[in-house]
Amino acid sequence: MTVRTRFAPSPTGYLHVGGARTALFSWLYARKHGGKFVLRIEDTDLERSTVESVNAILEGMTWLGLEYDEGPFYQTKRFDRYDEVIQGLLDKGLAYRCNCSHERLDKLREEAMKRKRKPRYDGHCRHRGVSPDEPHVIRFRNPETGVVAVDDLIRGRVIFNNEELDDLIIRRTDGSPTYNLTVVVDDLDMAITHVIRGDDHLNNTPRQINILRALDANPPQYGHVPMILGDDGARLSKRHGAVSVMQYREAGFLPEALLNYLVRLGWSHGDQEIFSVDEMIELFDIDAVNKAASSFNTDKLLWLNQHYIKQDDPKRIAHLLSPQMGNLGIDPAQGPDLVAVVEAHQERARSLVEMAEMSAFCYQDFETFDEKAAKKHLRAAAREPLERMREALAGLDEWTQERLHDLVEQVSASLELKMGKVAQPLRVAVVGRAASPGIDVTLYLVGKQACLRRIDKALAYIRQREANAG
RNA sequence: GCUCCCUUCGUCUAGUGGUUAGGACGCUGGCCUCUCACGCCGGUAACAGGGGUUCGAGUCCCCUAGGGAGUACCA
């Protein structure tokens, strides 16, 4: 039997990290077993489903590289099929029409709560033979006794008592089918062998198994993955910052970093932290998924992102960095080769946004000196070194990293100063702050004209300061 | 309320009856060094609580507490 898994989001928002991880686990399981991964859009809630959401979900999956083998299938296009199944259930007496009013249902619920009992439908219409001509819903006739055992791939065996369950609505008054029916029919029709989904569905599973049994079908295997919480342990939501997968792209994360982070959230393979997609496929094991919910930790994601930025081909990083530079109003074509800029910053940035910010100086003059850096390095003592450097740089005909390196060393030596006494003021003069790549690369990337211009500005700053002091 | 699920450092986790409870992120001390970062070496910090079972329990059982999910003509 070939493994077939699926991801079945309802298009009522973007693809969030919890959904992405569920999709990832499902996808990995299919890939690992040489199976198929199906995408199904659960859009039976006509009120809340939107095409924008569908597109956002598709976009997120594409970015992460979670390609599906079949679909997307839309439930709204399968209403005839659901009707057919519902009619079959009705014919066999496994479902019935119900015209209980909302008022009656509300009252029932209220009373059950008052009696400290679980609210459940009392089966009022079970044998009333409600006419098909009047408005009605259709309920599934759930077994009244016995138990349903769910042998969950992650949770182990979970037992539910049928007495706890009630006759759920499978078709609304307007004729549309509901979730618990459509999911069962679809998983059956799409021959899904392993249902890997969020654990908010664990409670639905016994109902779905009962419907499956009514349909004379064998239930698939289930695996309920725990949810993801925010840094503070509360359910992940907008107030935790980025929850949408696409927000992570905007924030300068690499898809492989997010994937690596997500796969390690709730799953592990010994002490290994870094997983390529191929390794994930090879090593992933649904049994090893944790039962407990886990908290999202952006610091660790950042660490992984830095790891992948360091490791990646500078050309690819440059390609991804370009739009981030654009967001800063910089056209990378107007200045040094972006690939060289990337190579200079690859070990320093945790995200592409950071990289864009820290390398902006290569393309544009800064407005003001960093206050602390200027105070410390742009003082009287730096005046001579800067003047000497300016002179040397102005006379340099071959603007290469090697020559620049030699030059800084020569000037330091001739002034009998440590290299830092020259490099630091120079760095602040040229980038506006105290941190940048090696001084030679920094000068090289900034370019001759900008270097001279900015050194002049720094010298003016020092003179101004001396004037104020004196 | 009721049903179901969960509980090892701050966070992600290893651990399947005998470990100085390991790794990673973070934080932190040091080395490297023209700064920052990288890298390297070190430190910090956990078995929710209580009962059992056992020669021995983070590991098995029960209870309590604390989290979470469901309890819709949402999915």
Side-chain angles (χ1 to χ4, degrees), chain A residues 8-12 42-45 47-49 75 98 100 102 105 109 112-120 135-139 150 152 154-156 158-161 163-166 168-176 178-180 182-183 197-206 224 226-227 229 231 233-235 261 264-274 290-304 306 310 345-350 358 373 377 405 408-409 412 418-428 431 433-440 442:
Chain A
S10 60
T12 54
E42 308 216 323
D43 55 353
T44 54
D45 184 345
E47 301 280 303
R48 298 194 301 154
S49 301
Q75 293 191 320
C98 164
C100 288
H102 286 280
L105 263 20
R109 223 182 332 267
M113 292 284 272
K114 212 177 291 173
R115 286 189 358 256
K116 296 184 189 293
R117 284 299 308 161
K118 180 174 180 167
R120 64 192 278 291
H136 64 273
V137 299
I138 293 176
R139 288 183 183 272
V150 180
D152 194 276
I154 297 169
R155 303 306 166 100
V158 185
I159 308 286
F160 293 87
N161 210 314
E163 288 170 22
E164 296 295 335
L165 275 22
D166 63 358
L168 65 271
I169 290 169
I170 54 177
R171 184 161 71 187
R172 303 181 183 94
T173 306
D174 68 3
S176 62
T178 62
Y179 167 73
N180 280 298
T182 59
V183 79
R197 71 208 328 186
D199 74 357
D200 47 335
H201 289 298
L202 185 56
N203 286 297
N204 288 323
T205 309
H224 287 95
M227 39 181 286
L229 310 173
D231 306 63
R235 186 178 188 150
Y261 180 74
R264 275 288 287 105
L265 200 59
W267 175 80
S268 62
H269 182 259
D271 286 339
Q272 188 169 342
E273 294 289 348
I274 306 296
N290 251 245
K291 297 176 183 193
S294 34
S295 298
F296 196 92
N297 184 247
T298 305
D299 280 335
K300 187 156 183 181
L301 207 211
L302 243 10
W303 172 73
L304 278 166
Q306 179 170 36
K310 265 188 308 196
H345 292 91
Q346 228 167 342
E347 291 186 336
R348 288 160 230 267
R350 296 186 303 171
M358 63 176 65
H377 299 291
H405 183 83
V408 178
E409 274 193 337
S412 308
K418 283 190 186 171
M419 202 164 148
K421 293 285 182 195
V422 176
Q424 271 311 84
L426 189 54
R427 171 172 281 114
V428 176
V431 316
R433 56 189 141 80
S436 84
I439 193 64
D440 46 2
T442 298

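Letters go in sequence order (proteins before strands), and every chain restarts at 1. Predicted, not measured: the structure shown is a model, and the values here were computed from it.
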K.L.:
Take atom P in B:rG10 and the same atom in B:rA48, then report the distance between them in whole Å.
P.N.:
11 Å
K.L.:
Side chains of A:R264 and A:S294: any donor to acceptor distance under 3.5 Å?
P.N.:
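The answer is no; no qualifying pair exists.
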K.L.:
Would you say B:rC12 has OP1 or OP2 under 4.0 Å from some side-chain N or O of A:S268?
P.N.:
no
K.L.:
Just checking A:R109: base, sugar-phosphate only, or nothing, at a heavy-atom cut-off of under 4.0 Å?
P.N.:
sugar-phosphate
K.L.:
Enumerate all atom pairs, one protein N or O and one N or O from nucleotides 22-25 of chain B, separated by less than 3.5 Å.
P.N.:
| residue | atom | partner | partner atom | Å |
| --- | --- | --- | --- | --- |
| B:rG22 | N2 | A:D271 | OD1 | 3.0 |
| B:rG23 | N2 | A:R264 | NH2 | 3.4 |
| B:rG23 | N2 | A:E273 | OE2 | 3.0 |
| B:rA24 | O4' | A:E273 | OE2 | 3.3 |
| B:rC25 | OP1 | A:W303 | NE1 | 3.4 |
| B:rC25 | O2' | A:K300 | N | 3.3 |

K.L.:
Taking for each residue the nucleotide of RNA chain B bearing the nearest heavy atom, is the 5' side occupied by A:R171 or by A:R348?
P.N.:
A:R348
K.L.:
Using the P atoms only, state how far B:rC9 lies from B:rA46, rounded to an integer number of Å.
P.N.:
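Result for the P pair: 9 Å, nearest Å.
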K.L.:
Regarding A:T182, tell me which of base, sugar-phosphate or nothing describes its non-hydrogen contacts under 4.0 Å with the strands shown.
P.N.:
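A:T182: no heavy atom of the nucleic acid under 4.0 Å.
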K.L.:
Need the pair for B:rA37. Rule: Watson-Crick or G-U wobble, both distances under 3.5 Å, any strand; none if unpaired.
P.N.:
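Partner of B:rA37: none.
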K.L.:
With respect to the side chain of A:E42, which nucleotide from B:rA75, B:rC34, B:rG1 is positioned closest?
P.N.:
B:rA75
K.L.:
Please measure how far the P atom in B:rC62 lies from the corresponding atom in B:rG23, and state the result in whole Å.
P.N.:
33 Å
K.L.:
Taking the C1' atom of each, how far is B:rU44 from B:rG22, in whole Å?
P.N.:
16 Å
K.L.:
In whole Å, what separates the P atom of B:rA21 from that of B:rU13?
P.N.:
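These two P atoms come out 22 Å apart once rounded.
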K.L.:
At under 4.0 Å between heavy atoms, what does A:H102 touch on the DNA or RNA strands: base, sugar-phosphate, or nothing?
P.N.:
base
K.L.:
What's the gap between B:rG67 and B:rU8 when it is taken at their P atoms, as a whole Å value?
P.N.:
15 Å
K.L.:
Specify the separation, in whole Å, of atom CG of A:L426 and atom C1' of B:rC36.
P.N.:
15 Å
K.L.:
Answer yes if the side chains of A:T442 and A:S436 hold a donor-acceptor pair under 3.5 Å, and no otherwise.
P.N.:
yes
K.L.:
Provide the distance between the two P atoms, one in B:rU11 and one in B:rU54, to the nearest whole Å.
P.N.:
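So the two P atoms sit 35 Å from each other.
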K.L.:
Whole Å only: how far is the CG atom of A:D440 from the P atom of B:rU33?
P.N.:
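Going from A:D440 (CG) to B:rU33 (P), I get 16 Å.
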K.L.:
Under 4.5 Å between any side-chain heavy atoms of A:N290 and A:L265, yes or no?
P.N.:
no
K.L.:
Can you tell me the pairing partner of B:rG1 across any strand shown, Watson-Crick or G-U wobble, with both distances under 3.5 angstrom?
P.N.:
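Paired with B:rG1, as far as the under-3.5 Å criterion goes, is B:rU71.
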K.L.:
How long is the gap from CD on A:E42 to OG1 on A:T12, to the nearest 0.5 Å?
P.N.:
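A:E42 CD to A:T12 OG1: 11.0 Å, rounded to 0.5 Å.
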K.L.:
If we ignore hydrogens and angles and just use 3.5 Å, is the side chain of A:R120 paired with the main-chain N or O of A:E163 as donor and acceptor?
P.N.:
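Checked: pair present.
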K.L.:
Using the C1' atom as the reference point in each nucleotide, state the distance between B:rU20 and B:rG66 in Å, no decimals.
P.N.:
31 Å
K.L.:
What distance do A:H377 atom NE2 and A:L426 atom CG have between them, rounded to the nearest 0.5 Å?
P.N.:
12.0 Å
K.L.:
Checking all strands, does A:G438 fall into the base, sugar-phosphate, or nothing category for heavy-atom contacts under 4.0 angstrom?
P.N.:
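Base, at least one base heavy atom under 4.0 Å.
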K.L.:
Between B:rA37, B:rA75, B:rC2, which one does the side chain of A:E347 approach most closely?
P.N.:
B:rA37
K.L.:
Counting side-chain heavy atoms from C-beta on, which of B:rU3, B:rC34, B:rA75 comes nearest to A:K118?
P.N.:
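For A:K118, the side-chain atoms sit closest to B:rU3.
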K.L.:
Does a side-chain N or O from A:T173 land closer than 4.0 Å to OP1 or OP2 of B:rC73, or not?
P.N.:
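No.
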K.L.:
Is any side-chain nitrogen or oxygen of A:S295 closer than 4.0 Å to OP1 or OP2 of B:rC12?
P.N.:
yes
K.L.:
A:T12 side chain N/O closer than 4.0 Å to the phosphate oxygens (OP1, OP2) of B:rA75?
P.N.:
no
K.L.:
Report which part of the nucleic acid A:S294 touches: base, sugar-phosphate, or nothing (heavy-atom distance under 4.0 Å, all strands).
P.N.:
sugar-phosphate
K.L.:
Distance check needed: B:rG26 C1' versus A:L302 CG, whole Å only.
P.N.:
11 Å
K.L.:
What protein N or O atoms touch nucleotides 4-9 of chain B N or O atoms at under 3.5 angstrom, if any, and at what distances?
P.N.:
| residue | atom | partner | partner atom | Å |
| --- | --- | --- | --- | --- |
| B:rC5 | O2' | A:R155 | NH1 | 2.1 |

K.L.:
Below 4.5 Å, heavy atoms only, C-beta onward: do A:H224 and A:V158 meet side chain to side chain?
P.N.:
no
K.L.:
Once you round it to whole Å, what is the distance between P of B:rU35 and CD of A:Q424?
P.N.:
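Value for this atom pair: 7 Å.
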K.L.:
Rounded to whole Å, please give me the gap between NE2 in A:H405 and C1' in B:rC34.
P.N.:
9 Å
K.L.:
Under 3.5 Å, is there an N or O donor on one side and an acceptor on the other linking the side chain of A:D43 and the base of B:rA75?
P.N.:
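In this structure, the two groups form no donor-acceptor pair.
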K.L.:
Rounded to the nearest Å, what distance is computed from the CG atom of residue A:N204 to the P atom of nucleotide B:rA72?
P.N.:
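Taking atom P of B:rA72 as the reference, CG of A:N204 is at 11 Å.
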K.L.:
Would you confirm whether A:Y179, through its side chain, and A:D45, through its main-chain N or O, come within 3.5 Å as a donor-acceptor pair?
P.N.:
no
K.L.:
Using both distances under 3.5 Å as the test, list the Watson-Crick or G-U wobble partner of B:rA14, or none.
P.N.:
none
K.L.:
Using a heavy-atom cut-off of under 4.0 Å over every strand shown, decide if A:Q306 touches base, sugar-phosphate, or nothing.
P.N.:
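Answer is sugar-phosphate: A:Q306 comes under 4.0 Å of backbone atoms only.
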K.L.:
Take A:M419 and A:W267, find for each the nucleotide of RNA chain B with the closest heavy atom, and name the residue whose nucleotide sits nearer the 5' end.
P.N.:
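Its nearest nucleotide being more 5', the pick is A:W267.
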K.L.:
Mind checking A:L265 for me? I need base, sugar-phosphate or nothing, with any heavy atom below 4.0 Å counting as a touch.
P.N.:
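Here A:L265 touches the backbone only, sparing every base.
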K.L.:
On a heavy-atom basis, which atom in A:K291 and which in A:I154 lie closest, and how many Å separate them?
P.N.:
CE-O, 3.5 Å
K.L.:
Quick check: closest heavy atoms across A:A434 and A:A373, and the distance to 0.1 Å?
P.N.:
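Closest heavy-atom pair between A:A434 and A:A373: N-CB, 3.7 Å.
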K.L.:
Is the shortest side-chain heavy-atom distance between A:L301 and A:F296 below 4.5 Å?
P.N.:
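Answer yes - side chains close enough.
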K.L.:
Looking across every strand, which nucleic acid part, if any, lies under 4.0 Å from A:K421 by heavy atom: base, sugar-phosphate, or nothing?
P.N.:
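The answer is nothing, as A:K421 stays clear of every strand by at least 4.0 Å.
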K.L.:
First locate atom CD1 of A:I439, then atom CD of A:E409, and finally report the distance between them rounded to the nearest 0.5 Å.
P.N.:
12.5 Å
K.L.:
Which part of the nucleic acid, if any, lies within reach of A:P206 when heavy atoms closer than 4.0 Å are counted: base, sugar-phosphate only, or nothing?
P.N.:
nothing
K.L.:
In this structure, how many angstroms lie between the P atom of B:rU3 and the CZ atom of A:R115, rounded?
P.N.:
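Distance check: A:R115 CZ to B:rU3 P gives 14 Å.
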K.L.:
Classify the side-chain pair A:D174/A:S176 by whether it contains a donor and acceptor separated by less than 3.5 Å.
P.N.:
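A:D174 vs A:S176: donor-acceptor pair found between side chains.
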K.L.:
If we check side-chain contact (heavy atoms from CB on, under 4.5 Å) with A:R348, which of these qualifies: A:Q306, A:M358, A:K310?
P.N.:
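Answer after filtering A:Q306, A:M358, A:K310: A:M358.
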K.L.:
Supply the atom-to-atom distance A:R109 CZ to A:K114 NZ, rounded to the nearest 0.5 angstrom.
P.N.:
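If I round to the nearest 0.5 Å, the distance is 14.0 Å.
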K.L.:
Heavy atoms only, 4.0 Å cut-off, all strands: where does A:H377 land among base, sugar-phosphate and nothing?
P.N.:
nothing
K.L.:
Give me, pair by pair, the N or O atoms of the protein and of nucleotides 63-66 of chain B that are less than 3.5 Å apart, along with how far apart they are.
P.N.:
none

K.L.:
Would you give the length of the straight line joining atom NZ of A:K300 to atom OG of A:S295, rounded to the nearest 0.5 angstrom?
P.N.:
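The NZ atom of A:K300 sits 13.0 Å away from the OG atom of A:S295.
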